[in-house]
Amino acid sequence: MSGQKKYDDRAVSGINISNSEREEDLNELMRVRREKLEELRGTGVEPYGNRFERTHLARSILDDFPEMENQPVVIAGRIMSKREMGKASFAHVQDSSGQIQIYVRLNDVGPEAYDLFRKLDIGDIVGVKGKVFKTRKGEITVSAEHFNLLAKSLRPLPEKWHGLRDVELRYRQRYVDLVVNPGVKEVFETRSKIIRALRSFLDRNGFLEVETPMMQVIAGGAVARPFVTHHNALDMNLYLRIAPELFLKRLLVGGFEKVYEINRNFRNEGISTKHNPEFTMLEIYQAYADYSDMMDLTEKLISSVALEVLGTASIVYQGEEIDLSPKWTRISMLEAVKLHSGLDFSAVKDAAEARRAVKQAGIELEVAVSDSWGDILYRVFEELVEPKLIQPTFVVDFPVEVSPLAKRKAEEPGLTYRFELFIYGRELANAFSELNDPIDQKGRFAKQVEKRRAGDEEAHMMDEDYINALEYGMPPAGGLGIGIDRLIMLLTNSSSIRDVILFPLMKPRD
RNA sequence: GGGCCAUUAGCUCAGCUGGAAGAGCACCUGACUUUUAAUCAGGGUGUCGGUGGUUCGAGUCCACCAUGGCUCACCA
């Protein structure tokens, strides 16, 4: 028992016995660095420093050189390269703003400090005090008068020419990726700016940011398989949310009229370049609005964020020019399908006829026996139309069968006031006039529950409390969901969702 | 989950029809007081992803497994 306890303590404190305590496992590069570490300690140099006060970032020295020349500065950062030339040396130091060269001369720093400098490795974090000058070859440089070791690095960094290319290592050890591949940091800085711009746009327009449960008793608001977790004290299973939708609409019932949430959703499904099990979603709800208001909002939101963050609404994604300036094409699903497949579903009366029409048109499609007219229309749309929607396109009026939370069209009850936004063949946003008729909603849930009983794990569960809320009366409202990771992919020209998520889910090795 | 591809030094990669594991960077030793992919002289640091098999002999051929990439399926 006590042995078990000891093991747990070590696990919690992060000590990795198998890796760090077996010297014979260390390769020569790491062994040498550990020896240097001990040597430094032996000469009274603490290899892991404390607070360090710097005066300048690399960028500011480079940008303001004329004023900075000959001025004293204190910088701090990681040594990225080193060039020793006997009694003088150069190195590059990298901080959050970029890199700047330092020059260390025996005569300036003295023999002890110069010895210390020679022991430093690429990857070590140092603080440098010195004066700014320009070398003979014209590079702005800090001539060191004094320097401190702030953190000794025990592992060699990837090489300077190619950086870290191995995709698997880049994702597994993002910290290394960030150190050596400068473009990566830029993507995540842009990500942060995009999210800030979204928030500020919504805040300016009177929307209130709220937080709703990530752990839910009923995983609702979307069609997806949830993750299951367990609460010990209550001894009950909980789901990680697949969407915040039903909670945000409860807030409309409560009297909040314009709300939004930017947060993680979790879906227990396949992983791909477009899917990570946890992803960030923006959902917006506006009382007394409808789906065409949501289209206007989507256009304004995305185009103004692009303008604010990138300085242009005309972007290039994977070699394709995409114009995000309003107004975007709006086309009904029936028209879109007719345009791209020749099939006119408005003349098709039921599922049997739809099946025949698809077959006649020679479209290869796996159609389940239980599929309805709407299911088949939607499948044809996904298969033949989606990939062709490169420029921003709102596809409107989805079949009711695939839209269990959207309001029916008054004149065509088989369709709903729903749209999805497609850019580069990908779904980027999904929105509708919210269904606020509790009786209709209950009926739709019941249909979903039937599907669930028939084995469809992605179908909705019955949410009695949500119905209860609707029964109190929810104002008519427009609701909008935008996949933030995909938006960021688009705006940073990233081909994989893993390039816009700092720590994407990876299967452990071994 | 299916198909295709990849896995060799810390990193980036070569290694042909099976015949004694290689390069560049990094690292180590030495020289060098404005270099910058610093240079010059010397040094190879490895469970060839793992386990079996075929063979006199396997980094190389075969099977299975692991991880990853692309792609299809599912989804956002």
Side-chain angles (χ1 to χ4, degrees), chain A residues 25-33 35-36 80-92 99-109 114 118-119 121-123 133-141 143 153-173 176-177 179-181 221-226 242-243 264-283 366 379 382-383 386 402 420-422 426-430 456-458 481-487 489 495-498 504 506-510:
Chain A
D25 278 359
L26 301 176
N27 68 38
E28 192 202 336
L29 296 180
M30 297 214 303
R31 212 190 58 236
V32 166
R33 287 188 180 214
E35 283 165 11
K36 284 183 182 171
M80 296 303 288
S81 64
K82 221 179 146 199
R83 292 172 292 283
E84 284 182 56
M85 301 178 317
K87 298 187 178 63
S89 298
F90 290 90
H92 274 98
Q99 292 191 4
I100 189 163
Q101 182 169 257
I102 62 167
Y103 177 52
V104 183
R105 220 165 68 116
L106 173 62
N107 289 5
D108 294 340
V109 299
Y114 196 73
R118 289 220 298 201
K119 284 205 185 74
D121 288 303
I122 290 173
F133 78 111
K134 203 179 248 183
T135 63
R136 212 173 272 164
K137 297 276 174 65
E139 178 159 355
I140 296 161
T141 301
S143 178
S153 165
L154 296 178
R155 288 178 184 273
L157 285 173
E159 65 140 300
K160 55 188 173 184
W161 303 357
H162 302 91
L164 186 64
R165 288 271 179 80
D166 186 313
V167 184
E168 187 176 348
L169 279 181
R170 286 188 46 224
Y171 297 149
R172 284 190 194 279
Q173 303 188 31
V176 180
D177 191 27
V179 169
V180 298
N181 295 329
V223 176
R225 288 175 65 177
I242 55 176
R264 227 66 67 78
N265 287 350
F266 307 86
R267 299 193 183 172
N268 204 340
E269 283 159 357
I271 296 175
S272 77
T273 45
K274 298 177 219 54
H275 304 85
N276 194 62
E278 52 178 314
F279 62 101
T280 301
M281 186 81 164
L282 164 64
E283 287 204 11
E366 277 179 44
R379 295 293 310 281
E382 283 183 315
E383 196 69 26
E386 274 190 20
V402 297
E420 284 188 351
L421 167 65
F422 292 88
R426 289 180 193 159
E427 185 191 335
L428 223 82
N430 180 19
D456 184 352
E457 287 183 70
E458 295 180 351
I482 298 177
I484 295 303
D485 308 285
R486 289 191 181 172
L487 177 64
M489 286 169 70
S495 63
S496 169
I497 197 166
R498 292 181 151 186
M506 302 291 280
K507 225 170 159 174
R509 278 179 146 164
D510 299 327

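When reading the values below, keep in mind they use all heavy atoms of this one structure, side chains included, and skip hydrogens, waters and symmetry mates. Remember, it's a predicted structure, so these values are computed and weren't measured experimentally. Letters A, B, ... mirror the listed sequences (proteins, then strands); counts begin at 1.
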| message | Could you tell me the Watson-Crick or G-U partner of B:U34, where both distances fall under 3.5 Å? Say none if there is no partner. | response | none
| said: Less than 4.0 angstrom between a side-chain N/O of A:R379 and OP1 or OP2 of B:C74, yes or no? | reply: yes
| Nucleotide nearest A:L164 when distance is taken to its side chain, options B:G68, B:C11, B:C32 | B:C11
| message | What contact category does A:Y171 fall into here, base, sugar-phosphate, or nothing, at under 4.0 angstrom with non-hydrogen atoms? | response | sugar-phosphate
| Of all the choices, B:A76, B:G68, B:U34, which nucleotide is nearest to the side chain of A:R136 once you look at every atom? | B:U34
| message | Need one value for A:E458: base, sugar-phosphate or nothing, where a base atom within 4.0 Å counts as base even if backbone is also close, heavy atoms only. | response | sugar-phosphate
| Choosing from B:A76, B:C70, B:U33, which nucleotide comes nearest the side chain of A:T273? | B:C70
| message | When the P atoms of B:G59 and B:G19 are compared, how many Å lie between them, rounded to an integer? | response | 10 Å
| said: If you compare every side-chain N and O of A:K160 against the phosphate oxygens of B:A37 (OP1, OP2), does one of them come in below 4.0 Å? | reply: no
| message | What's A:L29 touching, base or sugar-phosphate or nothing? Going by heavy atoms closer than 4.0 Å. | response | base
| query | Is there a donor on the side chain of A:T135 or the base of B:U35 sitting less than 3.5 Å from an acceptor on the other? | reply | yes
| query | How close or far is atom C1' of B:G68 from atom CD1 of A:I271, stated in whole angstroms? | reply | 12 Å
| message | Expressed as a whole number of angstroms, how long is the span from A:M80:CE to B:A37:C1'? | response | 14 Å
| With both distances under 3.5 angstrom, what nucleotide forms a Watson-Crick or G-U wobble pair with B:A26? | B:U45
| request: Measure from the side-chain heavy atoms of A:E28 and tell me the nearest of B:C32, B:G68, B:C28. | output: B:C28
| task | Check every strand shown and say whether A:D108 touches a base, only sugar-phosphate, or nothing at a heavy-atom separation below 4.0 Å. | result | nothing
| request: Please confirm whether any donor atom in the side chain of A:R83 sits under 3.5 Å from an acceptor in the base of B:U35, or the reverse. | output: yes
| request: List for me each residue that meets ring pair (Phe, Tyr, Trp, His ring centres under 6.0 Å) alongside A:Y114, sequence neighbours excluded, and say none if there are none. | output: none
| Salt bridge between A:E383 and A:R379, side-chain N to carboxylate O under 4.0 Å? | no
| Counting only Watson-Crick or G-U wobble pairs whose two distances fall under 3.5 Å, which nucleotide matches B:G19? | B:C56
| request: Just call it for A:L169: base, sugar-phosphate, or nothing, with non-hydrogen atoms closer than 4.0 Å on any strand. | output: sugar-phosphate
| message | Please pick, from B:U34, B:U35, B:A76, the nucleotide with the shortest atom-to-atom distance to any side-chain atom of A:Y103. | response | B:U34
| What integer distance in Å separates A:D121:CG from B:C28:C1'? | 11 Å
| If you measure from NE2 on A:H162 to CG on A:L164, what distance do you get to the nearest 0.5 Å? | 12.5 Å
| note | A:R31 CZ to B:G46 C1', in whole Å, measures 15 Å
| query | Is any side-chain N or O of A:E159 under 3.5 Å from a base N or O of B:G10, one able to act as donor and the other as acceptor? | reply | no
| message | Let me confirm one number: the CZ-OG distance from A:R33 to A:S153, rounded to the nearest 0.5 Å. | response | 4.5 Å
| query | A:G163 near the nucleic acid: base, sugar-phosphate alone, or nothing, with a heavy-atom cut-off under 4.0 Å? | reply | sugar-phosphate
| request: Considering just the side-chain nitrogens and oxygens of A:K507, establish if one lies under 4.0 Å of OP1 or OP2 belonging to B:U67. | output: yes
| Sugar-phosphate, base or nothing in reach of A:G483, heavy atoms under 4.0 Å | nothing
| said: So does A:S143 get a backbone contact from the side chain of A:T141, meaning a donor-acceptor N/O pair under 3.5 Å? | reply: no
| note | Here the distance between atom P of B:A76 and atom CD of A:E278, to the nearest Å, is 17 Å
| query | Any donor-acceptor pair under 3.5 Å linking the side chain of A:D485 with the backbone of A:T280? | reply | yes
| query | With both distances kept under 3.5 Å, what pairs with B:C70, Watson-Crick or G-U wobble? | reply | B:G3
| said: When the C1' atoms of B:A23 and B:G30 are compared, how many Å lie between them, rounded to an integer? | reply: 24 Å
| Span that lies between the P atom of B:G24 and that of B:C61, in whole angstrom | 27 Å
| query | Looking for any heavy atom pair under 4.0 Å, which part of the strands does A:R33 touch: base, sugar-phosphate only, or nothing? | reply | nothing
| request: Specify the residue among A:A88 and A:D166 whose closest nucleotide of RNA chain B lies further upstream toward the 5′ end. | output: A:D166
| Closest nucleotide among B:G69, B:A76, B:C32 to the A:E269 side chain | B:A76
| request: Considering only atom C1', compute the distance from B:G3 to B:G15 and round it to an integer number of Å. | output: 28 Å
| said: Please report the distance separating the C1' of B:C25 from the corresponding atom of B:A9, rounded so that it comes out in whole Å. | reply: 12 Å
| Rounded to the Å, how far apart are A:R155 CZ and B:C11 P? | 10 Å
| request: Mark yes or no for a side-chain to base donor-acceptor pair under 3.5 Å between A:R105 and B:U33, with no hydrogen or angle criteria applied. | output: yes
| query | CZ of A:R170 versus C1' of B:G10: gap in Å, rounded? | reply | 18 Å
| request: Write down the distance separating the C1' atoms in B:A26 and B:G69, rounded off to the nearest Å. | output: 26 Å
| Under 4.0 angstrom, heavy atoms only, what part of the nucleic acid is A:E427 near: base, sugar-phosphate, or nothing? | sugar-phosphate
| task | Mind checking A:V223 for me? I need base, sugar-phosphate or nothing, with any heavy atom below 4.0 Å counting as a touch. | result | sugar-phosphate
| Whichever of A:G86 and A:I122 has its nearest RNA chain B nucleotide further upstream toward 5' | A:I122
| query | Base, sugar-phosphate alone, or nothing: which one does A:K36 contact when heavy atoms must sit under 4.0 Å apart? | reply | sugar-phosphate
| request: Looking only at non-hydrogen atoms, find the nearest pair between A:R267 and A:I242 and report the distance. | output: NH2-O, 2.8 Å
| said: Whether A:R165 contacts B:C11 is assessed here as follows: a side-chain N or O lying under 4.0 Å from the phosphate OP1 or OP2. Is that the case? | reply: no
| query | The side chain of A:Q101 lies closest to which of these nucleotides: B:U33, B:A26, B:U36? | reply | B:U36
| Does B:A76 have A:F279 stacked on its base, where the ring centres are within less than 5.5 Å and the planes differ by under 30°? | yes
| said: Taking only the P atom of each, what is the distance from B:U12 to B:G18 in whole angstrom? | reply: 29 Å
| Among all residues two or more places apart in sequence or in another chain, which pass the side-chain hydrogen bond (donor to acceptor under 3.5 Å, both in side chains) test with A:E427? | none
| task | Using whole Å, report how far CZ of A:F266 lies from P of B:A76. | result | 17 Å
| request: Examine distances only and state if a side-chain atom of A:R155 and a backbone atom of A:L29 form a donor-acceptor pair shorter than 3.5 Å. | output: no
| request: Remember a base hit wins even if backbone is also touched, and classify A:M281 as base, sugar-phosphate or nothing at under 4.0 Å, heavy atoms. | output: nothing
| Which one, B:U67, B:C27, B:C32, comes nearest to the side chain of A:R172? | B:U67
| field | Rounded distance [0.5 Å steps], NZ in A:K134 versus CD in A:Q101 | value | 13.0 Å
| field | Rounded C1' spacing from B:A73 to B:G2 in Å | value | 8 Å
